[in-house]
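Here is how names work: the chains are called A, B, and so on, in the same order as the sequence lines, proteins then strands, and each is numbered from 1.
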Amino acid sequence: MYERFEEYLSKEFKGLPKTKAVNDFKEELLGNLVEKAEELKAKGESDEDKVFQLCVNSIDGFKETLKELRGKPMLIKGAIKAANLIVYLVAYLIVLTGVYLGISFAYGNWSESWLIFVVPNFVLAMAYCLALTSSFYRKGKYALGRLLIVPAISLGVVGAYLCVSVLMDMWSKSWLMLLFLPSLILLCDIIAGFAAKRNKILFAELMAVVTITSVMVYVTLGILGILAWHPYWLIIVGGGAASAIIFAVYLKSKTSKAG
Amino acid sequence: MAQSGDFLRGHTETIILRLLLDGDSYGYEISKNIVERGMGLIDIKDATIYTAFRRMENDGLLATYWGEGAGGARRRYYSITEKGRKLYEEKKAEWQKLRTVLDNLILGGK
(Lines give C-alpha, C1' and ligand atoms only; values in the text may rest on other atoms or scores of the structure.)
Protein backbone atom coordinates (compact mmCIF):
# COMPACT_ATOMS: atom_id res chain seq x y z
CA MET A 1 0.00 0.00 0.00
CA TYR A 2 2.92 2.32 0.84
CA GLU A 3 4.29 2.06 -2.73
CA ARG A 4 0.84 2.62 -4.20
CA PHE A 5 0.35 5.83 -2.23
CA GLU A 6 3.86 6.95 -3.08
CA GLU A 7 3.17 6.42 -6.78
CA TYR A 8 -0.12 8.30 -6.51
CA LEU A 9 1.52 11.27 -4.77
CA SER A 10 4.44 11.33 -7.22
CA LYS A 11 1.92 11.80 -10.04
CA GLU A 12 0.05 14.51 -8.15
CA PHE A 13 3.26 16.36 -7.25
CA LYS A 14 4.69 16.16 -10.77
CA GLY A 15 5.87 19.53 -12.02
CA LEU A 16 6.14 21.11 -8.60
CA PRO A 17 9.45 22.70 -7.59
CA LYS A 18 11.69 20.33 -5.61
CA THR A 19 11.78 22.54 -2.55
CA LYS A 20 12.00 21.38 1.05
CA ALA A 21 8.44 22.58 1.71
CA VAL A 22 7.10 20.51 -1.20
CA ASN A 23 9.07 17.38 -0.25
CA ASP A 24 8.02 17.71 3.40
CA PHE A 25 4.36 18.09 2.45
CA LYS A 26 4.52 15.06 0.17
CA GLU A 27 6.05 12.93 2.89
CA GLU A 28 3.57 14.21 5.44
CA LEU A 29 0.67 13.24 3.18
CA LEU A 30 2.22 9.84 2.57
CA GLY A 31 2.49 9.24 6.31
CA ASN A 32 -1.12 10.27 6.90
CA LEU A 33 -2.39 8.11 4.03
CA VAL A 34 -0.55 5.05 5.30
CA GLU A 35 -1.82 5.74 8.82
CA LYS A 36 -5.40 5.99 7.57
CA ALA A 37 -5.07 2.79 5.54
CA GLU A 38 -3.69 0.89 8.55
CA GLU A 39 -6.60 2.10 10.62
CA LEU A 40 -9.18 1.05 8.03
CA LYS A 41 -7.60 -2.39 7.78
CA ALA A 42 -7.59 -2.69 11.57
CA LYS A 43 -11.32 -1.95 11.51
CA GLY A 44 -11.81 -4.93 9.19
CA GLU A 45 -11.71 -3.42 5.71
CA SER A 46 -9.84 -5.97 3.62
CA ASP A 47 -10.48 -4.71 0.08
CA GLU A 48 -7.18 -3.02 -0.86
CA ASP A 49 -8.72 -1.00 -3.70
CA LYS A 50 -11.49 0.29 -1.47
CA VAL A 51 -9.01 1.20 1.27
CA PHE A 52 -6.84 3.02 -1.28
CA GLN A 53 -9.78 4.96 -2.69
CA LEU A 54 -11.15 5.90 0.75
CA CYS A 55 -7.75 7.18 1.83
CA VAL A 56 -7.16 9.14 -1.37
CA ASN A 57 -10.66 10.67 -1.17
CA SER A 58 -10.02 11.74 2.40
CA ILE A 59 -7.17 14.03 1.34
CA ASP A 60 -8.95 15.34 -1.72
CA GLY A 61 -8.56 18.99 -0.70
CA PHE A 62 -4.75 18.81 -0.54
CA LYS A 63 -4.54 20.29 -4.03
CA GLU A 64 -5.38 23.66 -2.48
CA THR A 65 -2.18 23.42 -0.46
CA LEU A 66 -0.30 22.36 -3.59
CA LYS A 67 -1.42 25.58 -5.27
CA GLU A 68 0.09 27.54 -2.39
CA LEU A 69 3.33 25.58 -2.60
CA ARG A 70 3.51 25.98 -6.37
CA GLY A 71 3.89 29.71 -5.81
CA LYS A 72 3.63 32.23 -8.59
CA PRO A 73 3.71 30.87 -12.16
CA MET A 74 7.07 31.06 -13.93
CA LEU A 75 5.75 33.68 -16.37
CA ILE A 76 4.82 36.05 -13.55
CA LYS A 77 8.11 35.38 -11.80
CA GLY A 78 9.98 36.18 -15.01
CA ALA A 79 7.97 39.37 -15.54
CA ILE A 80 8.65 40.52 -11.98
CA LYS A 81 12.35 39.79 -12.42
CA ALA A 82 12.47 41.72 -15.71
CA ALA A 83 10.57 44.68 -14.20
CA ASN A 84 12.96 44.77 -11.23
CA LEU A 85 15.93 44.67 -13.58
CA ILE A 86 14.58 47.62 -15.57
CA VAL A 87 13.97 49.61 -12.38
CA TYR A 88 17.52 48.93 -11.14
CA LEU A 89 18.96 49.80 -14.55
CA VAL A 90 17.07 53.09 -14.75
CA ALA A 91 18.06 53.96 -11.16
CA TYR A 92 21.69 53.11 -11.98
CA LEU A 93 21.67 55.32 -15.09
CA ILE A 94 20.06 58.18 -13.18
CA VAL A 95 22.73 57.96 -10.46
CA LEU A 96 25.54 57.81 -13.07
CA THR A 97 24.10 60.78 -14.98
CA GLY A 98 23.77 62.73 -11.73
CA VAL A 99 27.37 62.03 -10.74
CA TYR A 100 28.57 62.79 -14.30
CA LEU A 101 26.76 66.14 -14.45
CA GLY A 102 27.78 67.04 -10.89
CA ILE A 103 31.48 66.37 -11.44
CA SER A 104 31.51 67.86 -14.94
CA PHE A 105 29.88 71.11 -13.80
CA ALA A 106 31.95 71.31 -10.63
CA TYR A 107 35.32 70.78 -12.33
CA GLY A 108 34.42 71.81 -15.86
CA ASN A 109 36.23 68.74 -17.13
CA TRP A 110 33.78 67.38 -19.70
CA SER A 111 36.48 65.70 -21.81
CA GLU A 112 37.37 63.21 -19.06
CA SER A 113 34.25 62.87 -16.93
CA TRP A 114 32.57 60.58 -19.50
CA LEU A 115 34.64 57.86 -17.85
CA ILE A 116 31.96 57.87 -15.13
CA PHE A 117 29.67 56.12 -17.62
CA VAL A 118 32.29 53.50 -18.50
CA VAL A 119 34.37 52.61 -15.45
CA PRO A 120 31.50 51.52 -13.12
CA ASN A 121 30.35 49.08 -15.83
CA PHE A 122 33.81 47.52 -15.90
CA VAL A 123 33.87 47.31 -12.11
CA LEU A 124 30.37 45.80 -11.92
CA ALA A 125 31.09 43.26 -14.68
CA MET A 126 34.35 42.31 -12.95
CA ALA A 127 32.61 41.98 -9.57
CA TYR A 128 29.90 39.83 -11.18
CA CYS A 129 32.49 37.48 -12.71
CA LEU A 130 34.30 37.18 -9.37
CA ALA A 131 31.00 36.56 -7.54
CA LEU A 132 30.21 33.79 -10.05
CA THR A 133 33.69 32.35 -9.51
CA SER A 134 33.08 32.30 -5.77
CA SER A 135 29.67 30.68 -6.31
CA PHE A 136 31.11 27.98 -8.59
CA TYR A 137 33.86 27.29 -6.06
CA ARG A 138 31.31 26.81 -3.29
CA LYS A 139 29.53 24.26 -5.51
CA GLY A 140 32.81 22.50 -6.28
CA LYS A 141 32.76 23.53 -9.96
CA TYR A 142 36.36 24.70 -9.94
CA ALA A 143 36.99 24.60 -13.71
CA LEU A 144 34.12 27.03 -14.42
CA GLY A 145 35.22 29.24 -11.54
CA ARG A 146 38.78 29.43 -12.85
CA LEU A 147 37.54 30.12 -16.38
CA LEU A 148 35.68 33.22 -15.19
CA ILE A 149 38.87 34.67 -13.77
CA VAL A 150 40.00 35.41 -17.36
CA PRO A 151 37.19 37.93 -18.15
CA ALA A 152 37.35 39.34 -14.60
CA ILE A 153 41.07 40.18 -14.82
CA SER A 154 40.76 41.34 -18.45
CA LEU A 155 37.98 43.76 -17.50
CA GLY A 156 40.04 45.07 -14.58
CA VAL A 157 43.14 45.67 -16.67
CA VAL A 158 41.27 47.24 -19.62
CA GLY A 159 39.37 49.50 -17.18
CA ALA A 160 42.60 50.57 -15.51
CA TYR A 161 44.16 51.17 -18.99
CA LEU A 162 41.26 53.46 -19.94
CA CYS A 163 41.47 55.39 -16.67
CA VAL A 164 45.21 55.90 -16.86
CA SER A 165 45.09 56.81 -20.56
CA VAL A 166 42.27 59.33 -20.25
CA LEU A 167 43.10 60.90 -16.91
CA MET A 168 46.86 61.12 -17.48
CA ASP A 169 46.71 61.45 -21.26
CA MET A 170 49.21 58.62 -21.63
CA TRP A 171 47.78 56.86 -24.67
CA SER A 172 51.24 56.44 -26.19
CA LYS A 173 52.55 54.48 -23.21
CA SER A 174 49.61 53.14 -21.24
CA TRP A 175 48.96 50.32 -23.75
CA LEU A 176 52.05 48.66 -22.20
CA MET A 177 49.80 47.72 -19.28
CA LEU A 178 48.00 45.32 -21.59
CA LEU A 179 51.25 43.39 -22.11
CA PHE A 180 51.03 42.21 -18.52
CA LEU A 181 47.50 40.87 -18.89
CA PRO A 182 48.57 37.26 -19.69
CA SER A 183 50.94 37.20 -16.70
CA LEU A 184 48.27 38.56 -14.39
CA ILE A 185 45.68 36.06 -15.62
CA LEU A 186 48.11 33.18 -15.14
CA LEU A 187 49.11 34.42 -11.70
CA CYS A 188 45.49 34.65 -10.55
CA ASP A 189 44.82 31.23 -12.03
CA ILE A 190 47.74 29.81 -10.03
CA ILE A 191 46.20 31.22 -6.84
CA ALA A 192 42.74 29.93 -7.83
CA GLY A 193 44.20 26.55 -8.80
CA PHE A 194 46.04 26.38 -5.47
CA ALA A 195 42.70 26.69 -3.68
CA ALA A 196 40.86 24.33 -6.05
CA LYS A 197 43.44 21.56 -6.07
CA ARG A 198 43.91 21.51 -2.33
CA ASN A 199 47.16 23.44 -1.96
CA LYS A 200 48.77 22.04 -5.11
CA ILE A 201 51.17 24.43 -6.84
CA LEU A 202 50.77 24.64 -10.62
CA PHE A 203 54.46 24.55 -11.50
CA ALA A 204 54.04 24.75 -15.28
CA GLU A 205 51.94 27.91 -15.01
CA LEU A 206 54.35 29.38 -12.49
CA MET A 207 57.23 28.88 -14.93
CA ALA A 208 55.18 30.46 -17.71
CA VAL A 209 54.37 33.48 -15.52
CA VAL A 210 58.02 34.07 -14.62
CA THR A 211 59.19 33.74 -18.23
CA ILE A 212 56.42 35.85 -19.80
CA THR A 213 56.75 38.53 -17.11
CA SER A 214 60.50 38.80 -17.60
CA VAL A 215 59.99 39.31 -21.37
CA MET A 216 57.26 41.92 -20.78
CA VAL A 217 59.36 43.77 -18.18
CA TYR A 218 62.26 43.89 -20.63
CA VAL A 219 60.05 45.13 -23.49
CA THR A 220 58.28 47.71 -21.29
CA LEU A 221 61.43 49.15 -19.78
CA GLY A 222 63.04 49.22 -23.22
CA ILE A 223 60.12 51.04 -24.86
CA LEU A 224 59.88 53.51 -21.99
CA GLY A 225 63.61 54.15 -22.40
CA ILE A 226 64.29 53.39 -18.75
CA LEU A 227 66.80 50.66 -19.59
CA ALA A 228 68.92 50.13 -22.69
CA TRP A 229 68.00 47.17 -24.90
CA HIS A 230 71.52 45.92 -24.48
CA PRO A 231 72.71 44.41 -22.12
CA TYR A 232 69.38 44.35 -20.27
CA TRP A 233 68.14 41.46 -22.41
CA LEU A 234 69.71 39.63 -19.47
CA ILE A 235 66.37 40.18 -17.68
CA ILE A 236 64.93 37.53 -19.99
CA VAL A 237 67.84 35.23 -19.23
CA GLY A 238 67.15 35.86 -15.52
CA GLY A 239 63.50 34.90 -16.08
CA GLY A 240 64.62 31.71 -17.81
CA ALA A 241 66.94 30.92 -14.92
CA ALA A 242 64.15 31.50 -12.38
CA SER A 243 61.93 29.14 -14.39
CA ALA A 244 64.70 26.53 -14.35
CA ILE A 245 64.92 26.84 -10.55
CA ILE A 246 61.14 26.37 -10.27
CA PHE A 247 61.42 23.30 -12.47
CA ALA A 248 64.20 21.94 -10.26
CA VAL A 249 62.04 22.47 -7.16
CA TYR A 250 59.20 20.66 -8.92
CA LEU A 251 61.44 17.71 -9.79
CA LYS A 252 62.76 17.55 -6.23
CA SER A 253 59.30 17.59 -4.71
CA LYS A 254 58.21 14.85 -7.10
CA THR A 255 61.28 12.72 -6.27
CA SER A 256 60.78 13.14 -2.53
CA LYS A 257 57.10 12.15 -2.87
CA ALA A 258 58.05 9.07 -4.88
CA GLY A 259 60.71 8.18 -2.32
CA MET B 1 -25.36 16.63 10.50
CA ALA B 2 -21.65 17.49 10.22
CA GLN B 3 -20.73 21.13 9.61
CA SER B 4 -17.52 22.19 8.03
CA GLY B 5 -15.85 25.47 7.03
CA ASP B 6 -18.29 28.15 8.24
CA PHE B 7 -18.65 26.65 11.68
CA LEU B 8 -14.92 26.76 12.37
CA ARG B 9 -13.99 29.81 10.33
CA GLY B 10 -11.55 31.96 12.25
CA HIS B 11 -11.04 29.32 14.94
CA THR B 12 -9.07 26.58 13.20
CA GLU B 13 -5.73 27.90 14.42
CA THR B 14 -6.96 28.25 18.01
CA ILE B 15 -8.34 24.71 17.95
CA ILE B 16 -5.05 23.31 16.61
CA LEU B 17 -3.11 25.25 19.26
CA ARG B 18 -5.42 23.89 21.98
CA LEU B 19 -4.92 20.31 20.81
CA LEU B 20 -1.17 20.75 20.73
CA LEU B 21 -1.18 22.04 24.32
CA ASP B 22 -2.01 18.44 25.29
CA GLY B 23 1.11 17.20 23.52
CA ASP B 24 2.85 17.01 20.15
CA SER B 25 0.81 15.48 17.39
CA TYR B 26 0.66 14.90 13.62
CA GLY B 27 -1.78 15.88 10.89
CA TYR B 28 -3.96 12.80 10.78
CA GLU B 29 -4.25 12.58 14.55
CA ILE B 30 -5.11 16.27 14.87
CA SER B 31 -7.74 15.97 12.15
CA LYS B 32 -9.21 12.89 13.85
CA ASN B 33 -9.22 14.64 17.23
CA ILE B 34 -11.12 17.62 15.87
CA VAL B 35 -13.75 15.36 14.33
CA GLU B 36 -14.05 13.27 17.52
CA ARG B 37 -14.29 16.27 19.87
CA GLY B 38 -16.73 17.88 17.46
CA MET B 39 -19.41 15.46 18.71
CA GLY B 40 -20.40 14.59 15.16
CA LEU B 41 -21.06 18.23 14.30
CA ILE B 42 -17.67 19.00 12.80
CA ASP B 43 -16.16 17.63 9.60
CA ILE B 44 -12.98 19.53 8.94
CA LYS B 45 -11.33 19.25 5.54
CA ASP B 46 -7.73 18.07 5.40
CA ALA B 47 -6.92 21.02 3.14
CA THR B 48 -8.04 23.43 5.88
CA ILE B 49 -5.72 21.78 8.36
CA TYR B 50 -2.73 21.62 6.02
CA THR B 51 -3.16 25.25 5.01
CA ALA B 52 -3.38 26.22 8.68
CA PHE B 53 -0.24 24.19 9.48
CA ARG B 54 1.76 25.96 6.74
CA ARG B 55 0.58 29.38 7.87
CA MET B 56 1.15 28.69 11.56
CA GLU B 57 4.59 27.26 10.94
CA ASN B 58 5.55 30.32 8.91
CA ASP B 59 4.26 32.54 11.70
CA GLY B 60 6.38 30.69 14.25
CA LEU B 61 3.39 29.32 16.17
CA LEU B 62 4.35 25.70 15.49
CA ALA B 63 7.58 23.76 15.24
CA THR B 64 7.90 20.49 13.35
CA TYR B 65 9.99 17.36 13.50
CA TRP B 66 9.87 13.91 11.95
CA GLY B 67 9.07 10.74 13.83
CA GLU B 68 8.40 7.11 13.07
CA GLY B 69 4.97 6.30 11.67
CA ALA B 70 2.90 3.30 10.65
CA GLY B 71 3.69 1.04 7.70
CA GLY B 72 7.21 2.37 7.06
CA ALA B 73 6.13 6.00 6.55
CA ARG B 74 7.26 8.91 8.66
CA ARG B 75 5.03 11.21 10.67
CA ARG B 76 5.48 14.94 10.70
CA TYR B 77 4.93 16.00 14.28
CA TYR B 78 3.85 19.47 15.28
CA SER B 79 4.58 21.09 18.61
CA ILE B 80 3.39 24.40 19.96
CA THR B 81 5.98 27.16 20.39
CA GLU B 82 6.08 29.84 23.09
CA LYS B 83 4.62 32.29 20.60
CA GLY B 84 1.86 29.77 19.89
CA ARG B 85 1.05 29.45 23.62
CA LYS B 86 0.79 33.23 23.98
CA LEU B 87 -1.48 33.48 20.97
CA TYR B 88 -3.65 30.70 22.33
CA GLU B 89 -4.10 32.56 25.65
CA GLU B 90 -5.09 35.71 23.75
CA LYS B 91 -7.54 33.82 21.55
CA LYS B 92 -9.01 32.04 24.57
CA ALA B 93 -9.65 35.36 26.34
CA GLU B 94 -11.21 36.76 23.16
CA TRP B 95 -13.44 33.70 22.87
CA GLN B 96 -14.61 33.94 26.48
CA LYS B 97 -15.65 37.56 25.92
CA LEU B 98 -17.34 36.74 22.65
CA ARG B 99 -19.21 33.83 24.21
CA THR B 100 -20.60 36.06 26.97
CA VAL B 101 -21.69 38.63 24.41
CA LEU B 102 -23.31 36.00 22.19
CA ASP B 103 -25.04 34.43 25.18
CA ASN B 104 -26.51 37.82 26.05
CA LEU B 105 -27.54 38.48 22.49
CA ILE B 106 -28.91 35.09 21.57
CA LEU B 107 -30.16 33.65 24.87
CA GLY B 108 -31.12 36.97 26.34
CA GLY B 109 -29.76 38.64 29.43
CA LYS B 110 -28.74 42.01 30.78
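Around CZ of F117(A), the count of heavy atoms belonging to other residues, nucleotides or ligands within 6.0 Å exceeds 12. Counted within 6.0 Å of CD on Q96(B), heavy atoms from surrounding residues, nucleotides or ligands total more than 12; the atom is thus considered enclosed. Within a 6.0 Å sphere centred on OH of Y250(A), other residues, nucleotides and ligands contribute 12 heavy atoms or fewer. For Y107(A), the OH atom sits in a loose shell: 12 or fewer heavy atoms of surrounding residues, nucleotides or ligands are nearer than 6.0 Å. By the 6.0 Å contact criterion, OH on Y92(A) is enclosed, its count of non-hydrogen atoms from other residues, nucleotides or ligands being greater than 12. For K32(B), the NZ atom is densely surrounded, since the number of other residues' heavy atoms within 6.0 Å is greater than 12.
Chain B forms more heavy-atom pairs under 4.5 Å with one residue of D24(A), V34(A), L29(A), L30(A) than with any other, namely D24(A).
One finds the CG atom of N32(A) at 3.5 Å from the OH atom of Y50(B) (value rounded to the nearest 0.5 Å). Expressed to the nearest 0.5 Å, how far CD of E28(A) lies from CH2 of W66(B) amounts to 6.0 Å. Here the NZ atom belonging to K36(A) is positioned 5.5 Å from the OG atom belonging to S31(B), to the nearest 0.5 angstrom.
For Y78(B), the part sitting under 4.5 Å from any heavy atom of chain A is the side chain, from C-beta outward, and nothing else. If you measure heavy-atom distances from E39(A) to chain B, the contacts under 4.5 Å come from the side chain alone.
Taking 4.0 Å as the cut-off between side-chain N and carboxylate O, R74(B) and E27(A) count as a salt-bridged pair.
Taking both residues in full, the closest heavy atoms of A73(B) and G31(A) are given as CB-CA, 3.6 Å, listed atom of the first, atom of the second, then distance.
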